Amino acid sequence: MPRKRSTDDGDELLARLGSLTAQARERAELQRTQVELAIALQRGMLPRDLPTAPGLHLAVRYAPACHGLNVGGDWYDAFPLPDGRIGLAIGDVQGHNIEAAAFMGQVRAGLRALAFATGEPGELLARTNDLLLSLGSELFATCTFIRLDPATGAMESARAGHIPFVWATADGKSGVVDDEGGPPLGIQRGIDYPVTRHRLTTGGLFVLLTDGVVEGPSLAVEDGLEQVTRLAGIAAVAGLESHALAAAVIKGAESVGHEDDAAVLVVGLDGPARP
């Protein structure tokens with residue numbers, strides 16, 4: 001009899017282990033499906049084509065976080081405005097799940113739609129902020145928006161809680177844009193976003209990016225921005241293509257030490273910008 005009870009107990013234990021294993025497989029499959037859905041959602045909401053203009057070069061790179069359930073909401077966008085200028089945007093939604101990816105789509109779509117009513121960067125971010133608050137979501141987003149005149153190189157930018165972008169000129173100068181900025185979108189009503197004016201000179205570059213490129217456990221944001229600044233300076237002096245610089249910058253995201261989204265948007269001008 002004792003031997004019979006021992007056999008029964010062993011069979012019961014094996015049955016329980018089999019059940020737990022099946023449940024673990026089901027959870028793993030569900031997680032994998034959720035990640036694949038979020039990544040597909042992210043990629044489907046990013047622009048398929050970038051606007052073109054004489055002498056203007058736009059290049060993008062995007063590396064989604066796809067380890068475990070660490071899926072975020074970074075995005076970039078570039079589109080023509082009704083007045084002939086070009087709108088450029090880059091941003092990052094709080095959180096790393098499928099909700100963040102979906103909210104990213106709302107932010108991008110809302111900003112692009114409102115840009116056809118006003119392309120002025122400060123007013124556009126203010127209207128987008130009010131729109132997101134009206135949706136009642138608990139999420140928020142950082143964003144930089146630039147209005148560029150490709151014929152003259154004149155640029156206006158406004159920043160909502162996002163990291164500043166990097167600039168470089170053909171004569172070897174480079175740095176990080178020093179502007180005031182405002183709080184992230186979707187946090188507080190009635191916010192004003194200051195506008196800063198720049199000029200994209202012949203052979204010059206601007207590099208917009210998300211924090212997944214320059215900040216993490218292994219890299220402080222200041223060091224990450226310095227790294228991108230060096231790359232941009234070298235690229236501008238050497239006359240490297242925007243695509244080559246974008247690839248080099250996204251490659252540097254591997255050194256930050258975490259599994260966050262990473263997005264890069266490089267703007268270059270090689271045509272004769274008029275004063």
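Only a predicted model underlies this, so the values are computations on that prediction, with no experimental measurement involved.
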Of all heavy-atom pairs between [X] and [Y], which one has the smallest distance, and what is that distance?
{"X": "Leu269", "Y": "Pro150", "result": "CD1-O, 4.0 Å"}
{"X": "Ala115", "Y": "Leu124", "result": "N-CD1, 3.5 Å"}
{"X": "Gly190", "Y": "Asp130", "result": "N-OD1, 4.0 Å"}
{"X": "Gly161", "Y": "Thr142", "result": "O-CG2, 3.3 Å"}
{"X": "Gly175", "Y": "Thr229", "result": "N-CG2, 3.5 Å"}
{"X": "Gly268", "Y": "Leu205", "result": "CA-CD2, 3.8 Å"}

Any donor-acceptor pair under 3.5 Å linking the side chain of [X] with the backbone of [Y]?
{"X": "Arg159", "Y": "Asp179", "answer": "yes"}
{"X": "Asn129", "Y": "Leu185", "answer": "no"}
{"X": "Tyr193", "Y": "Pro183", "answer": "yes"}
{"X": "Glu241", "Y": "His243", "answer": "no"}

Hey, could you give me the [atom1]/[atom2] distance between [X] and [Y], rounded to the nearest 0.5 Å?
{"X": "Phe103", "Y": "Leu139", "atom1": "CZ", "atom2": "CG", "result": "5.5 Å"}
{"X": "Arg147", "Y": "Ser157", "atom1": "CZ", "atom2": "OG", "result": "11.5 Å"}
{"X": "Trp167", "Y": "Leu200", "atom1": "CH2", "atom2": "CG", "result": "12.0 Å"}
{"X": "Leu111", "Y": "Phe116", "atom1": "CG", "atom2": "CZ", "result": "11.0 Å"}
{"X": "Ile163", "Y": "Ile90", "atom1": "CD1", "atom2": "CD1", "result": "8.0 Å"}
{"X": "Glu222", "Y": "Glu215", "atom1": "CD", "atom2": "CD", "result": "8.0 Å"}

Task: Derivation of the side chain to side chain contact (heavy atoms under 4.5 Å, CB included) call for Val264 and Leu208 - done: CA-CA 6 Å; Val264 176; Leu208 287 69; over 6 Å; no
Under the salt bridge (charged side-chain N to carboxylate O under 4.0 Å, His left out) test, which residues partner [X], sequence neighbours left out?
{"X": "Arg189", "result": "none"}
{"X": "Arg85", "result": "Asp83, Glu156"}
{"X": "Lys251", "result": "Glu254"}
{"X": "Glu123", "result": "Arg127"}

- [ ] Ignoring hydrogens and angles, state whether a donor on the side chain of Asp74 or Thr210 is under 3.5 Å from an acceptor on the partner side chain.
- [x] yes
Open item on the list: If we count only N and O atoms by modelled type, under 3.5 Å, do the side chains of Asp270 and His57 hold a donor and an acceptor together?
Closed with: yes
- [ ] Sequence neighbours left out, what passes side-chain contact (heavy atoms from CB on, under 4.5 Å) with Ala170? Give chain and number order.
- [x] none
Task: Pairing residues for Asp223 by the side-chain contact (heavy atoms from CB on, under 4.5 Å) criterion, not counting sequence neighbours - done: Leu219, Ala220, Glu226
Open item on the list: Over 60° means perpendicular and under 30° means parallel, so tell me whether Phe165 and His198 are parallel, tilted or perpendicular.
Closed with: perpendicular
Task: Within one Ile-Leu-Val-Met-Phe-Trp-Tyr cluster: Phe206 and Leu240, side-chain cutoff 4.5 Å - done: no
Open item on the list: Are Phe140 and Leu131 linked, directly or through intermediate hydrophobic residues, by side-chain heavy-atom contacts shorter than 4.5 Å (ILVMFWY only)?
Closed with: no
Task: His162 and Phe145 aromatic centres sub-6.0 Å - done: no
